[in-house]
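In what follows, a single structure is set out as structure tokens and then discussed.
The basis for the numbers below is simple: all heavy atoms, side chains too, and nothing from hydrogens, waters or symmetry mates.
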Amino acid sequence: MNTKGHCYPKYIILQAVYFKLRFTLSYRDVEEIMKIIGVLVDHATIQRWVYKFTPLLESEMKKRKGRVAASWRLDENYIKVKGIWCYLYRAVYKFGNTVDFLLTRKRQRMSAQSFLIKAIGSNYQPRLINIDKSGSNTAAIKVYNSRSFSKIKIRQCKYLSNIVKQDHRFIKLRIQNGLGFKSFESARRTLNGIEVVHMLRKNQMVRPGITMFKSYCKLAG
């Protein structure tokens, strides 16, 4: 993580970004916490740090997290961006580990298909995907099977989707104290950062003897 040209040391930037991504805090809350520990930084500056550095965290997490396969639970969550509902596609492994995520502007087959391609590309092809009654998700999996000559099974079992629906709550909690996202790109980057920290929380990269925060710092290099 290159912080050259910034007025603050790297560890200060990392700490502020971590506070925002890990806890249910607004940018003004993070500004106040930083002030308590002796660092005077404006909330708008912290917002710019989150916007700039979360793509790096996501990129490094993709390289270091364990890949998952076999059985996935796929679902989408509603996120409001500039007063308009967007859709956060997410998949988790049957034991709870995050597979992947993608924020889209629309809920349609192409959106679900884009997410499926992204998720398989960063993991392994699953044997089975459990979904709800969403026609777009069903169509996306069928199209993927047809085009890649694969045989991913589709299962629609409501109670098996509970694990991913429960996992949605963590993401919703992280953003509930904010004033809302003002742009799609800002929402995408912030949510990606929250997802990365959520994966660290679930020990998807943490090694024995290394704390969650130290693992987060390692992602930044």
Side-chain angles (χ1 to χ4, degrees), residues 16-30 43-44 46-59 61-62 65 72-93 96-119 121-123 129-141 158 161-202 204:
V17 172
Y18 181 79
F19 281 148
K20 175 58 184 174
L21 300 179
R22 174 63 182 88
F23 302 106
T24 310
L25 301 169
S26 68
Y27 283 107
R28 291 185 183 275
D29 290 335
V30 179
H43 63 277
I46 299 170
Q47 187 173 16
R48 287 194 293 270
W49 289 345
V50 170
Y51 186 91
K52 179 177 180 179
F53 294 116
T54 50
L56 170 65
L57 296 174
E58 183 193 7
S59 176
M61 188 63 183
K62 282 183 179 179
K65 80 177 185 70
W72 295 2
R73 308 327 188 216
L74 190 157
D75 192 33
E76 63 273 353
N77 198 6
Y78 298 89
I79 303 292
K80 188 167 283 189
V81 179
K82 206 174 181 179
I84 299 173
W85 288 113
C86 294
Y87 304 90
L88 179 62
Y89 284 84
R90 307 180 68 249
V92 300
Y93 186 41
N97 282 359
T98 300
V99 175
D100 215 327
F101 42 85
L102 179 69
L103 183 67
T104 66
R105 288 184 170 88
K106 296 181 179 180
R107 186 191 187 194
Q108 57 186 15
R109 180 185 64 80
M110 289 299 296
S111 300
Q113 195 172 328
S114 295
F115 169 69
L116 189 62
I117 292 170
K118 179 176 183 282
S122 61
N123 292 275
I129 299 179
N130 191 87
I131 58 175
D132 56 16
K133 299 298 182 179
S134 170
S136 59
N137 290 337
T138 302
I141 297 170
K158 188 174 181 180
S161 293
N162 287 342
I163 187 170
V164 65
K165 291 185 182 299
Q166 290 290 332
D167 207 53
H168 286 332
R169 294 183 180 183
F170 179 88
I171 308 303
K172 298 290 278 188
L173 283 172
R174 295 287 77 79
I175 62 177
Q176 69 180 11
N177 279 0
L179 296 176
F181 296 113
K182 299 299 186 291
S183 73
F184 183 84
E185 185 60 21
S186 176
R188 187 184 69 83
R189 294 189 184 209
T190 304
L191 288 166
N192 287 359
I194 291 171
E195 291 278 11
V196 167
V197 172
H198 191 33
M199 285 191 282
L200 292 175
R201 182 171 174 264
K202 292 191 282 187
Q204 289 188 237

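A side-chain hydrogen bond (donor to acceptor under 3.5 Å, both in side chains) with Thr98 is found for exactly one of Lys202, Arg201, His198, namely Lys202. If you run side chain to side chain contact (heavy atoms under 4.5 Å, CB included) between Val164 and each of Leu74, Asp75, Asn77, only Asp75 comes through.
For the atom pair CZ of Arg188 and SG of Cys86, the computed distance is 12.5 Å after rounding to the nearest 0.5 Å. For the atom pair OH of Tyr27 and CZ of Arg48, the computed distance is 11.5 Å after rounding to the nearest 0.5 Å. Note: Leu116 CG to Ser111 OG = 12.5 Å, rounded to the nearest 0.5 Å. Distance check: Asn130 CG to Asn137 CG gives 10.5 Å after rounding to the nearest 0.5 Å. In this structure, Lys20 NZ and Ile46 CD1 are separated by 9.5 Å, a value rounded to the nearest 0.5 Å. Atom OG1 of residue Thr54 and atom CE of residue Met61 lie 14.5 Å apart, to the nearest 0.5 angstrom.
Side-chain atoms of Lys65 never come within 3.5 Å of backbone atoms of Val196 as a donor-acceptor pair (strictly under, hydrogens ignored). Counting only distance, with no hydrogens or angles, the side chain of Ser114 and the backbone of Met110 share a donor-acceptor pair below 3.5 Å. Side-chain N or O atoms of Thr104 include one that pairs as donor or acceptor with a backbone N or O of Tyr87 at under 3.5 Å. A donor-acceptor distance shorter than 3.5 angstrom exists from the side chain of Arg189 to the backbone of Tyr51, with no hydrogens or angles considered.
Nearest heavy atom pair, residue Pro55 against residue Lys52, reads CD-O, 3.5 Å. Among all heavy-atom pairs drawn from Ala187 and Val81, the shortest one is CB-CG2, 3.7 Å. Pairing each heavy atom of Ala91 with each of Trp72, the nearest pair is CB-CE3, 4.4 Å. The shortest non-hydrogen separation linking Ala112 to Ser136 is CB-O, 3.8 Å. Pairing each heavy atom of Leu103 with each of Phe184, the nearest pair is O-CZ, 3.4 Å. Considering every non-hydrogen atom in both Val92 and Val99, the closest pair reads C-CG2, 3.6 Å.
Identified under the salt bridge (charged side-chain N to carboxylate O under 4.0 Å, His left out) test for residues 103-114, with sequence neighbours left out: Glu76-Arg107.
In this model, a donor atom of one side chain and an acceptor atom of the other lie less than 3.5 Å apart for Asp100 and Ser122.
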> Please walk me through it: do Thr138 and Ile131 pass side-chain contact (heavy atoms from CB on, under 4.5 Å)?
Replying inline: CA-CA 8 Å; Thr138 302; Ile131 58 175; 3.3 Å; yes
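In this view, Phe23 satisfies the ring pair (Phe, Tyr, Trp, His ring centres under 6.0 Å) rule with no residue, not counting sequence neighbours.
Between Tyr89 and Phe101, a ring centre-to-centre spacing not shorter than 6.0 Å is recorded.
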